[in-house]
Asker: 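I am attaching a structure below and will ask some questions about it afterwards.
One-based numbering along the sequence shown. Computed over heavy atoms, backbone and side chain alike; hydrogens, waters and symmetry mates excluded.
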Amino acid sequence: MGEAIYPVPAEWAENALIDDARYTAMYQQSVSDPDAFWATEAQRIDWIKPFTKVKNTSYHAGDFGIRWFEDGTLNLSANALDRHLATRGDQIAILWEPDSPDEAERRITYRELHEMVCRFANVLKDQGVARGDRVTIYLPMVPEAAVAMLACARVGAIHSIVFAGFSPEALAGRVEDCGSRIVITADEGLRGGKKVPLKKNVDAAAAHAPGIEKVIVLKRTGGDVPMVAGRDIDWHTACAAASPENTPEEMNAEDPLFILYTSGSTGKPKGVLHTTGGYSVWVSATHQYVFDYRPGQIYWCAADVGWVTGHSYLIYGPLLNGGTTLMFEGVPNYPDPSRFWQVVDKYQVEIFYGAPTALRALMREGDEWVKKTSRASLRVLGSVGEPINPEAWEWYHKVVGEGRCPIVDTWWQTETGGTMITPLPGATALKPGSASRPFFGVQPLLLDNDGTIMEGPGDGCLVIADSWPGQMRGVWGDAERFFQTYFTTFAGYYFTGDGCRRDEDGYYWITGRIDDVINVSGHRMGTAEIESALVAHEHVAEAAVVGMPHEIKGQGIYAYVTCNADVEPDEALRKELIAWVRREIGPIATPDVIQFAPGLPKTRSGKIMRRILRKIAENDVGNLGDTSTLADPSVVDHLLANRPQLA
Ligand code: WTA
């Protein structure tokens, strides 16, 4: 097919931690003898009590269970902080670049971060937070977000971070679901020069979440936010009064570390649960090998702490590895589209890890914004969150990396804890748009719709045959849902929800979700969630949401809405519904298109035929397939005749 291949540059093959031969040998061992392989890799962690058992996992109904290093004990915060103090106490752990280039940056050493975390851990304990308690974090991109996470890990509490772009309703739902008594927030966030009213949102959420007993408020902008006496606690005052010393709790490897809510095909977002030991080993190993990371290198992951990439590769992976991690509060195009690359130059960033959606947006602004910066410090570029189209890949490689930097296109999920399919910069020849080959211990398989394993090249459903240490361990509060969602579609396999192609060289090409999840700018949205927000509006009788191709966002949100009989839909209602969804879920769920439809295509048994709705949204109306099974085929003609004009 003549697709481009970029061989591993000679100096990379020579100097990288992992070259191709080593990849092959290590991969072989990782799947033929996972116990030996992971026992060795686990030595990267300081265990309080060493484990005697490595892997104890089954995907099958009778003895289902996922346990790694199950009798070992450790504390993640001690591994990310305390053990570095002797050798790198004065090294910068977190570089913080504020939203505006006119504000001062912060440079926080391991010693300073350690003290901040100890103090805040004591604040949590003073508030009665104990092992196993859930703590909700609703903070902007400031170092205190890392402090809050590490302090939870230190005292054995389970953090649940809610992305600071989510609405009060979404926040309240997540707080209630995990039953957290404490919310940690800031007065306001700052993004692209705009203020985000975080404390105000928490106050609004508290009206729906009576379980909130305490709110710890960090001062970020100094905005005038009223404090509720007896409930609200000022972060700085509390930390100043707390002791700078704190002994980390001894946690079992399988004790929960965090919950992170993510969207699936059905129902409300589910609380993906990760535990301590396996996750630590997994994020440390993947961060080191995937980025060829050496301690002290300046590393920048541009993801928000509110998403899994922020958890694993902005905070935990790099700090476990004694890294210097850069946290950027702002957005790629503020004050102008040079911002990312100016930050790269300012800190001499060596490794940059970002999302295709940002690259596509920047690509559209023209090369001059990139070319006016040096970027000579860059060595490796990463991509995550959605398929990267070959055009954006080539631009990233040629313009941003000047042809010098390997690109690691990392495929993974909230559920997988860390990278699963990815090139390694010293080992893998690159094909633009392909996540390439499995990481150590990962056994991808393609299944056809009947569940038969496909050999060789082909297109199928991506499943993973066996467990890896960073795998999620459960859905918070719903053990059955975990098994049901991931292990019953194809019995005995972990089902990813993604479609995938494998080529002649055994490279994997993720084609996108094959369930009712859409990926908007790298953010996962369940169509069911948006639908239930729409039908909550008094004028809406029914709604069906599907994805549509979008040049920048990858996918956009296309909503078909049937109004109540007494309602005449018009432009004003369209605007109102868009604002409504933003308010119910958050701006990331903003519908791109709303098409009013007196009826939706349904089978005689009343099931909405999404296949048809998807085709209309994709403007692929030449072949709608068989519509004869529809209860009322004329519905389709009406939909086709009334497609809104798209910009
Ligand atoms: C998609 C983000 C193609 C995929 C880490 C997956 C990707 C979903 C890639 C998980 C990639 C993520 N290439 N698709 N490199 N990375 N995806 O849970 O559909 O927010 O199932 O985790 O994003 O999204 P999540």
Side-chain angles (χ1 to χ4, degrees), residues 1-9 12 16 286 290-292 300-303 309 313 332-333 337 340-341 344 349-371 373 375 378-413 419-439 444 459 462 498-513 519-523 549-555:
M1 291 202 290
E3 61 208 4
I5 299 190
Y6 293 85
V8 176
W12 269 96
T286 48
V290 171
F291 297 106
D292 195 59
W300 178 11
C301 166
T309 310
Y313 298 116
N333 57 357
F340 265 7
W341 323 121
V344 165
V349 170
E350 289 162 81
I351 300 162
F352 176 80
Y353 191 30
T357 187
L359 299 172
R360 287 192 294 264
L362 292 175
M363 185 166 85
R364 211 167 68 157
E365 302 288 341
D367 297 358
E368 57 276 26
W369 295 107
V370 187
K371 290 193 166 146
T373 62
R375 289 155 288 109
L378 288 174
R379 315 170 48 245
V380 183
L381 299 171
S383 174
V384 59
E386 52 179 319
I388 180 165
N389 47 311
E391 300 71 32
W393 194 103
E394 294 283 359
W395 182 81
Y396 201 20
H397 189 251
K398 284 203 179 70
V399 180
V400 176
E402 293 178 336
R404 188 182 67 240
C405 308
I407 294 184
V408 288
D409 173 5
T410 60
W411 172 83
W412 58 292
Q413 312 179 295
T419 317
M420 299 287 283
I421 302 183
T422 178
L424 302 183
T428 318
L430 305 172
K431 300 189 188 188
S434 170
S436 78
R437 305 187 293 192
F439 187 77
D459 224 314
L462 179 64
D498 279 319
C500 184
R501 176 168 75 84
R502 186 171 48 217
D503 71 15
E504 319 64 49
D505 298 322
Y507 275 44
Y508 290 85
W509 302 70
I510 307 296
T511 50
R513 301 290 304 199
N519 193 324
V520 184
S521 300
H523 304 319
H550 190 288
E551 214 186 312
I552 304 286
K553 303 190 217 176
Q555 279 190 299

Asker: My understanding is that only residues two or more places apart in sequence, or in another chain, count here; which of them pass ring pair (Phe, Tyr, Trp, His ring centres under 6.0 Å) with Y396?
Answerer: none

Asker: For the side chain of S383 and the backbone of A355, is there at least one donor-acceptor N/O pair under 3.5 Å apart?
Answerer: no

Asker: Output all residues satisfying side-chain contact (heavy atoms from CB on, under 4.5 Å) with P387, sequence neighbours left out; order by chain, then residue number.
Answerer: none

Asker: For the side chain of D409 and the backbone of P432, is there at least one donor-acceptor N/O pair under 3.5 Å apart?
Answerer: no

Asker: Does some side-chain heavy atom of V380 sit less than 4.5 Å from a side-chain heavy atom of W12?
Answerer: yes

Asker: Kindly state each residue pair satisfying salt bridge (charged side-chain N to carboxylate O under 4.0 Å, His left out) with at least one member in residues 384-393, sequence neighbours excluded.
Answerer: R360-E386

Asker: Please identify each residue that fulfils salt bridge (charged side-chain N to carboxylate O under 4.0 Å, His left out) with D505, with sequence neighbours left out.
Answerer: K431

Asker: Mark yes or no for whether Y313, through its side chain, and T419, through its backbone, hold a donor-acceptor pair below 3.5 Å.
Answerer: yes

Asker: For P549, what residues pass the side-chain contact (heavy atoms from CB on, under 4.5 Å) criterion, not counting sequence neighbours?
Answerer: E618

Asker: Quick one: salt bridge (charged side-chain N to carboxylate O under 4.0 Å, His left out) partners of E394, sequence neighbours excluded?
Answerer: K398

Asker: Taking atom CD as the centre, does E368 end up with more than 12 heavy-atom neighbours from other residues, nucleotides or ligands that are less than 6.0 angstrom away?
Answerer: yes

Asker: Can you confirm whether the side chains of T410 and Y353 place a donor and an acceptor under 3.5 Å from each other?
Answerer: yes

Asker: Enter the distance from L462:CG to R502:CZ here, rounded to the nearest 0.5 Å.
Answerer: 9.5 Å

Asker: Taking only residues two or more places apart in sequence, or in another chain, which ones meet F439 in a ring pair (Phe, Tyr, Trp, His ring centres under 6.0 Å)?
Answerer: W282

Asker: Which residues pass the side-chain contact (heavy atoms from CB on, under 4.5 Å) test with S521, not counting sequence neighbours?
Answerer: T357, H523, K553

Asker: Can you give me the closest heavy-atom contact between W369 and T373, atom names plus distance?
Answerer: O-CG2, 4.2 Å

Asker: Partners of H397 by ring pair (Phe, Tyr, Trp, His ring centres under 6.0 Å), sequence neighbours excluded?
Answerer: Y6, W393

Asker: For L362 and W341, what are the C-alpha separation, side-chain angles and deciding distance, and is it a side-chain contact (heavy atoms from CB on, under 4.5 Å)?
Answerer: CA-CA 11 Å; L362 292 175; W341 323 121; 3.8 Å; yes

Asker: Only counting residues at least two apart or in another chain, list the ones meeting side-chain contact (heavy atoms from CB on, under 4.5 Å) with D498.
Answerer: W411, Q413, T496, I510, R513

Asker: In Å and rounded to the nearest 0.5 Å, what is the CD1 to OG distance from I5 to S434?
Answerer: 10.0 Å

Asker: Return a table of donor-acceptor pairs under 3.5 angstrom between the side chains of residues 420-430 and protein atoms on other chains or two or more places apart.
Answerer:
residue, atom, partner, partner atom, Å
T428, OG1, L424, N, 2.9
T428, OG1, L424, O, 3.3

Asker: Could you walk me through whether D459 and W509 pass the side-chain contact (heavy atoms from CB on, under 4.5 Å) check?
Answerer: CA-CA 9 Å; D459 224 314; W509 302 70; over 6 Å; no

Asker: For D292, give me all partners under salt bridge (charged side-chain N to carboxylate O under 4.0 Å, His left out), at least two apart in sequence or on another chain.
Answerer: R294, R379

Asker: Got a second to check how far W395's CH2 is from D367's CG, nearest 0.5 Å?
Answerer: 7.0 Å

Asker: Under a 3.5 Å distance rule, please check whether R375 uses its side chain to pair with a backbone N or O of V370 as donor and acceptor.
Answerer: yes

Asker: Show, in sequence, the C-alpha distance, side-chain angles and deciding distance for R437 and Y507, and conclude whether the side-chain contact (heavy atoms from CB on, under 4.5 Å) test is met.
Answerer: CA-CA 6 Å; R437 305 187 293 192; Y507 275 44; 4.1 Å; yes

Asker: Do I552 and R364 come close enough that some side-chain heavy atom pair is under 4.5 Å?
Answerer: yes

